[in-house]
Amino acid sequence: MTALTGQAVPQAASAPERRGGRRAFRSTVVGPVALGVLAVLAVVALVAPVLGSGPAVTVRAADAVLGPSAEHWLGTDRLGRDVLVRTLVATRTSLLLGLGAAAVAALGGVILGGAVAAAGPRTRSAGLRVLDAVLAFPAILVAILATLVLPQATGSAAVAVGVAGAPGVARIVVTLAMTVLVRDHVAAARGFGVGRIRVFVRHVVPNMADSLAVSLSVVAGMSLVVVSSLSFLGAGVQPPAYDWGGMLSQGVRDLYVTPLVALAPAVMIALAGLAFGLLGEALARVANPSLWTTGDAGRDRRARAASGAEGAADEAPDDISEGPALLDVRGLTVTVDGSPGSAAIVSGVDLRVGRGEILGLVGESGSGKSMTMLAVARLLPYPVGSSADTLTLDGRDLRSDRPRELRRLLGTGLALVFQNPAACLNPALKLGVQLTEAPRAHRGADRARARELALAGLRDVRIPEPERRLRQYPHELSGGQRQRATIAMALVTAPGLLLADEPTTALDNTLRRGMLDLLRDVNTADGTAIVLVSHDLSVVGGLCHRIAVMYAGRIVEEGPTAEVMATPKHPYTRALLDSSLTMTTDLGRPVPAIDGQPPRPGEGPPGCAFAPRCALAEDRCARTRPVLREVPGGRKVACWVDEGSLA
Amino acid sequence: MHVLTWAARRIGVTAALLAGLLVVSFLLLHLVPGDPAVRVAGLNATPEQVTAVRQRLGLDQPIHRQFIGYVAHVFQLDFGRSFQTGEPVTEVIGSRLGVTLRLATAGIVVTMSAGVLIGLVMGALTREGRRRGAEASFALGTSLAGAVPEYVTGALLALVFSVVLGWLPVAGLTGPSGLILPTIAVSLAPAAVLSRIVRVETLAVLAQEYARAAWAKRLRPLRVYGVHVLPNALTAALTVGGLVFAGLLGGTVVVENVFALPGLGSKLVESVMARDYPVVQAVILLLGAAIVLVNGCVEAAVRLLDPRVRAATS
């Protein structure tokens with residue numbers, strides 16, 4: 001059995017959530033089933049002793065150890081008593097003792113926990129330490145010891161188990177009470193000089209009643225099991241009274257003779273314990289949906305994946321990239337669950353990046369830019385899937401589904417840096433391990449060679465004392481050094497292309513500047529091509545040779561950075577520019593934001609996706625989608641509105 | 001906090017817990033309603049016999065003297081003689097310790113390795129909402145395994161493997177095979193609970209940027225899970241390791257009775273039923289000390305293994 005402390009403390013649902021809660025409870029499936037099992041057990045507990053207490057105890061030596069028959073469905077025990085009848089009759093004692101123990105545990109736990117929670121901070125922390133120490137002892141041991149002190153009566157088993165369970169309940173009560181005590185109305189009551197005990201009884205107990213009820217269902221199941229084990233050990237219910245545990249004890253002794261004597265109560269104990277436990281779990285899920293790990297998690301995730309689908313694809317103009325493109329993507333489509341019919345997060349994106357080029361991929365959250373990047377890196381989260389007419393890196397086709405093939409193709413050619421660069425370092429591993437494993441895996445470097453590469457990488461990003469760093473854990477570095485180390489880690493295999501997904505978003509201004517400088521250095525020194533994904537044009541503007549603007553999964557404008565920023569051709573680009581803060585922005589004026597929301601995948605008008613938010617939208621914009629067309633100056637735009645009217 | 005300060009504090013807490021344990025085991029005899037001397041001598045004893053017992057156990061002394069005497073004896077590993085058999089308690093325990101030690105060790109090894117391995121594999125298989133069916137079966141199976149008490153598991157195992165199939169001995173210690181069923185019985189529930197915790201932890205680790213970065217390095221899955229995910233998920237497993245151990249000890253007490261193993265647990269139950277206080281006191285002290293010390297070691301191991309905890313405490 002598990003200790004109570006291991007489980008999460010459920011939080012109470014507020015009143016308006018209750019009705020939805022009932023529906024949620026029904027949808028847990030196990031909840032209603034467990035409730036049904038308990039209802040049946042309750043009826044048996046009421047009825048069976050009335051009908052069967054006679055036959056259950058009548059000793060008939062002639063009928064001893066019979067097998068199952070029409071008369072005795074589960075056979076008889078050593079004394080000729082019907083096993084089924086005895087098992088059913090024992091339901092009442094077993095359930096009552098289990099519930100009694102749970103009641104004792106609840107009462108004792110609330111008083112004990114309340115006392116600890118209401119005490120001053122010093123007493124409280126001392127009390128918590130003692131509670132935790134007591135909780136380290138198995139409940140069955142504490143219960144056995146408690147029976148030493150208690151008189152030998154049937155009810156004593158319940159008290160003993162209740163005493164053993166009280167510290168667990170108390171621990172939960174303290175946790176719950178601490179969250180309630182800091183709420184406003186409780187704080188106010190205390191402010192008015194209401195006494196501690198009164199605050200606890202009037203304000204704290206009612207507010208944690210729901211959460212406590214959830215825990216108590218689990219406590220009831222455990223209590224029932226522990227009472228039975230006490231009886232099983234001979235320290236609980238004393239003959240001639242009997243419960244399931246006592247029957248099981250007898251049954252185990254006669255296992256070779258009449259296995260059913262052991263099997264019947266064993267099944268009942270497991271069934272009842274499980275029903276209480278599952279009921280508690282179902283209630284906890286209803287009270288706190290975040291505990292719901294098995295239910296809708298996948299669906300939620302899918303929705304999150306779709307709505308978090310940031311980033312767009314973009315295309316490098318042919319005139320800027322010289323020779324064959326390093327990265328060539330054509331007709332890239334990313335869908336919510338990988339099937340052609342499902343909602344598209346990215347639709348028909350073309351993207352070309354030349355050697356040594358820095359491309360900025362810009363758009364709001366949800367525009368599909370991150371998904372485009374992950375699709376290129378073949379790292380899309382399940383169940384999102386992609387297809388493309390062309391997807392090549394350095395001329396090699398990346399559209400393989402074989403992990404071994406992808407490892408070979410992408411291991412050295414392409415590296416990624418995620419949103420919070422410092423968080424890309426594994427906190428449990430030394431930098432030496434993290435910086436050397438890629439070259440060892442992909443470049444066939446031995447330990448010494450990989451170490452050289454790692455040291456060179458750290459020097460390139462200007463981290464002082466690189467030898468020492470390799471022996472350090474990430475937390476021993478400063479925030480700025482961690483980011484640099486991440487870049488070094490990404491570049492240690494000397495990839496031709498670096499995909500950086502919002503690498504500056506989580507950073508403050510100083511660190512942001514440092515990161516952008518570092519990326520520029522990497523580009524100039526090693527000729528590493530970079531795709532920089534960002535929602536912020538001002539970040540992209542200073543660094544990128546070319547910009548592609550993405551909206552609702554499509555590229556809407558693309559061109560050399562300077563020209564696009566100076567004369568945006570798409571109304572969306574213009575709006576983005578207007579809403580981005582730059583060093584020269586007059587902070588005295590309100591920052592204009594773009595009204596409205598981008599459409600979700602699979603939604604949006606048949607025409608231009610931006611039309612509903614566009615001030616210049618005409619009739620045809622909503623009806624027919626404008627294609628990305630080339631315009632003079634090596635630029636592309638997907639908009640019906642004339643270039644002239646926008647300039 | 002410096003390592004030494006931290007260690008000193010940990011040792012202080014452990015010592016305080018052990019002292020508390022001494023007090024509780026001492027008070028055990030005195031919390032029993034009625035005259036302890038009468039209890040020990042038996043209800044049919046003559047007043048002279050009761051007086052003799054009282055003097056022999058020092059129960060006529062003031063309670064603080066009794067406690068000092070008790071502690072002094074404990075430190076000399078002298079727990080007196082068993083009321084039942086008259087043997088020195090240390091000998092009783094010595095003859096029983098081995099079985100319990102073997103069962104508990106086997107139990108913790110099986111629980112930890114099975115719990116971590118199954119949890120990690122299930123976490124890997126069901127990441128990002130993959131294989132919903134497998135996930136549901138796992139949730140149901142571990143709920144079941146975690147809810148069924150050890151003695152029921154034990155009885156069912158004995159029924160299937162000993163009675164029906166006749167593969168293994170049903171009871172008693174007949175060589176190593178006698179420990180197989182008891183070990184499964186004590187490990188099943190904790191391993192189920194642990195595997196759930198490890199799976200959730202594995203999913204949490206897989207959602208971290210550093211796990212994505214490890215995938216982005218195109219390492220082999222075995223390396224990603226073994227080197228990048230496991231150490232982080234293991235910390236969580238270790239933190240509940242103390243609780244798992246305590247649960248295992250409790251389970252051992254019960255399971256020894258199911259399989260009639262001559263261990264400390266069955267001796268404890270026997271002594272409780274016979275009100276053999278010296279044996280009860282000694283067994284409780286021993287089991288309690290084991291729990292306290294293991295928890296101390298677990299905390300030290302977590303600190304050692306997880307650089308973040310080390311950072312947080314330094």
Side-chain angles (χ1 to χ4, degrees), chain A residues 1-3 5-6 133 136-141 144-145 147-149 221 225 229 232-235 248 252 255-256 259 262-263 266 269-270 273-274 277-278 293-294 297-298 301-302 377 379 381-382 406-407 410-411 415-416 418-420 423-429 437-438 441-442 473 475, chain B residues 17 20 28 31-32 128-130 132 135-136 139 143-144 146-149 151-152 155-156 158-159 163 170 189 193 200 208-210 212-219 223 227-228 231-232 240 242-243 246-247 249-250 253-254 257-258 268-269 272-273 280 284 287-288 291 295 306-308 311:
Chain A
M1 294 311 301
T2 55
T5 41
F137 287 82
I140 181 71
L141 269 190
I144 290 174
L145 291 184
T147 61
L148 263 181
V149 180
V225 164
S229 47
F232 174 80
L233 296 174
L248 183 57
V252 166
L255 206 55
Y256 277 112
L263 190 61
I269 294 168
L274 197 60
L278 289 178
T293 50
T294 53
R301 220 202 128 85
R302 203 169 305 174
L379 285 171
Y382 178 87
L406 285 175
R407 272 204 299 276
L410 291 165
L416 285 100
F418 296 108
Q419 200 164 68
N420 184 357
C424 290
L425 296 173
N426 191 323
L429 299 178
E437 59 185 352
H442 303 301
Y473 288 99
H475 73 263
Chain B
L17 289 175
L28 209 57
L31 282 172
V32 179
E128 298 174 331
R130 289 170 163 89
R132 302 281 298 278
E135 185 186 339
S143 291
L144 249 156
V148 179
Y151 55 96
V152 172
L156 295 178
L159 191 61
V163 179
V170 71
V193 174
V200 170
Q208 299 289 322
E209 301 262 293
Y210 61 77
R212 299 173 65 202
W215 286 120
K217 284 187 208 168
R218 311 286 164 182
L219 303 172
R223 181 162 179 100
V227 176
H228 286 264
N232 291 288
V240 297
L243 281 174
L249 268 191
V253 170
V254 181
N257 283 278
V258 177
L268 174 68
V269 172
V272 165
M273 301 311 291
V280 173
I284 287 304
L287 292 183
I291 291 171
N295 278 334
D306 191 340
R308 284 164 299 177

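In what follows, chains carry the letters A, B, and so on, assigned in the order in which the sequence lines appear, proteins first and then strands, with residues in each chain numbered from 1. Scope of the values below: all heavy atoms of this structure, side chains included, with no hydrogens, waters or symmetry mates.
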Interchain contact, B:I284 with chain A, by part (heavy-atom threshold 4.5 Å): side chain
Proximal component of A:L141, with respect to chain B [non-hydrogen, under 4.5 Å]: side chain
Chain A contacts, top residue of B:L17, B:L219, B:L249 (heavy-atom pairs, under 4.5 Å): B:L219
Heavy-atom contact with chain B under 4.5 Å, split by part of A:I269: side chain
Segment of A:L278 engaging chain B (4.5 angstrom heavy-atom cut-off): side chain
Nearest heavy-atom neighbours spanning B:P149 and A:V225: CB-CG1, 3.2 Å
Smallest separation among heavy atoms of A:C424 and B:A213, with atom names: O-CB, 3.6 Å
Whether A:H442 side chain and B:K217 backbone form a donor-acceptor pair below 3.5 Å: yes
Atom pair CG/CG of B:N232 and A:N426 - distance to nearest 0.5 Å: 4.5 Å
Short side-chain to backbone donor-acceptor contact, B:E209 and A:N420, under 3.5 Å: yes
Flag side-chain contact, heavy atom, 4.5 Å: A:L233 against B:Y151: no
Where A:R407 and B:R218 come nearest, the two heavy atoms and their spacing: CD-O, 3.2 Å
When B:Q208, B:M273, B:H228 are compared by non-hydrogen pairs under 4.5 Å with chain A, the top option: B:H228
Contact class of A:A441 relative to chain B, heavy atoms under 4.5 angstrom: side chain
Contact origin within A:L274 toward chain B - heavy atom pairs under 4.5 Å: both
Option in B:V269, B:L156, B:L268 with maximal non-hydrogen atom pairs under 4.5 Å from chain A: B:V269
B:V227 portion near chain A, given a 4.5 angstrom heavy-atom threshold: both
Short side-chain to backbone donor-acceptor contact, B:E128 and A:Y382, under 3.5 Å: yes
Nearest atoms (heavy-atom pairs only) where A:F232 meets B:N257: CE2-CB, 4.3 Å
Segment of B:I291 engaging chain A (4.5 angstrom heavy-atom cut-off): side chain
Contact class of A:I140 relative to chain B, heavy atoms under 4.5 angstrom: side chain
Per-residue contact mode, A:F418 against chain B (heavy atom under 4.5 angstrom): both
Considering all heavy atoms, the nearest A:V252-B:A155 contact: CG2-CB, 3.9 Å
